[in-house]
Amino acid sequence: MESHNVNNSLNLDMEKDQEKAFDYSKRAQWLRAAVLGANDGLVTTASLMMGVGAIKPDVKTMMLTGFAGLVAGACSMAIGEFVSVYSQYDIEVAQMKRDNGGVIDKEKLSSPIKAASASAFAFCIGAVVPLLAAAFVKTYEVRIGVIVAAVTLALVMFGWLGAVLGKAPVVKSSARVLVGGWLAMAVTYGLTKLVGSHGMS
């Protein structure tokens with residue numbers, strides 16, 4: 001009888017540990033997705049602003065371009081995440097019906113609306129960085145330098161966060177994110193300047 005009670009207690013403890021591990025894993029995935037979304041917003045908006053700024057260097061044009069990128073990117077991220085998570089939601093419901101005889105635990109289901117909102121919000125957080133960096137700088141050359149500096153700092157931070165959440169090497173992960181962001185901005189700036197200066201004359 002005592003051994004039976006001990007086994008039951010051990011099973012309960014194991015189930016609780018598994019639930020905690022699942023909850024932690026789920027939270028880590030959400031946080032990592034948020035970091036990636038913010039990084040997308042940061043790089044996309046900064047690249048757009050620098051690309052258009054290569055041809056139209058006035059602050060109004062760059063700010064409007066960045067704002068348009070923020071809105072379009074956030075909407076795109078939200079729609080994409082909603083469709084993706086809703087597909088996952090359907091699979092989870094079908095699996096629960098098979099495993100639990102038709103009983104569905106809604107607390108364990110993914111939320112497409114929450115996922116879409118979180119993805120759009122994360123994108124906006126990243127996109128705001130270059131917008132704020134450029135907003136109060138009138139001189140074009142200084143504005144570009146401030147944007148690059150702010151984006152560089154944010155890229156390092158996002159790379160570090162992504163590495164910590166993904167349990168990856170911090171230096172290598174941060175370096176990859178930083179170089180990738182720099183490359184995106186440089187390519188967008190260079191190609192836009194080339195097309196704007198020669199391809200549309």
Would you say [X] and [Y] make side-chain contact, with heavy atoms under 4.5 Å?
X	Y	result
M50	T192	no
I144	M185	no
V52	M62	no
L42	P130	yes

Looking at [Y], is its backbone amide N or carbonyl O close enough to the side chain of [X] to form a donor-acceptor pair, meaning the two atoms are under 3.5 Å apart?
X	Y	result
T44	D40	yes
S119	A115	no
S76	A72	no
T61	P57	no

Could you measure the distance from the [atom1] atom of [X] to the [atom2] atom of [Y]? Nearest 0.5 Å is fine.
X	Y	atom1	atom2	value
L64	L48	CG	CG	12.5 Å
M63	L70	CE	CG	10.0 Å
N39	I125	CG	CD1	13.5 Å
S84	E81	OG	CD	5.5 Å

Establish whether [X] and [Y] are linked, either directly or via other cluster members, by ILVMFWY side-chain heavy-atom contacts under 4.5 Å.
X	Y	result
L132	V71	yes
Y89	I113	yes
V128	V43	yes
V170	V177	yes
F123	V129	no

Write down the atom of [X], the atom of [Y], and the distance for their closest heavy-atom approach.
X	Y	result
R143	D58	NH1-C, 3.9 Å
G69	T45	C-OG1, 4.5 Å
A74	C124	CB-SG, 3.7 Å
A134	M49	CB-CE, 3.6 Å

Return all side-chain donor-acceptor pairs below 3.5 angstrom for residues 150-166, not counting sequence neighbours, or 'none' if the list is empty.
{"from": "T152", "atom 1": "OG1", "to": "V148", "atom 2": "O", "distance (Å)": "2.7"}
{"from": "T152", "atom 1": "OG1", "to": "W182", "atom 2": "NE1", "distance (Å)": "3.0"}

*Counting only heavy atoms not in Y140, do more than 12 fall under 6.0 Å of its OH?*
yes

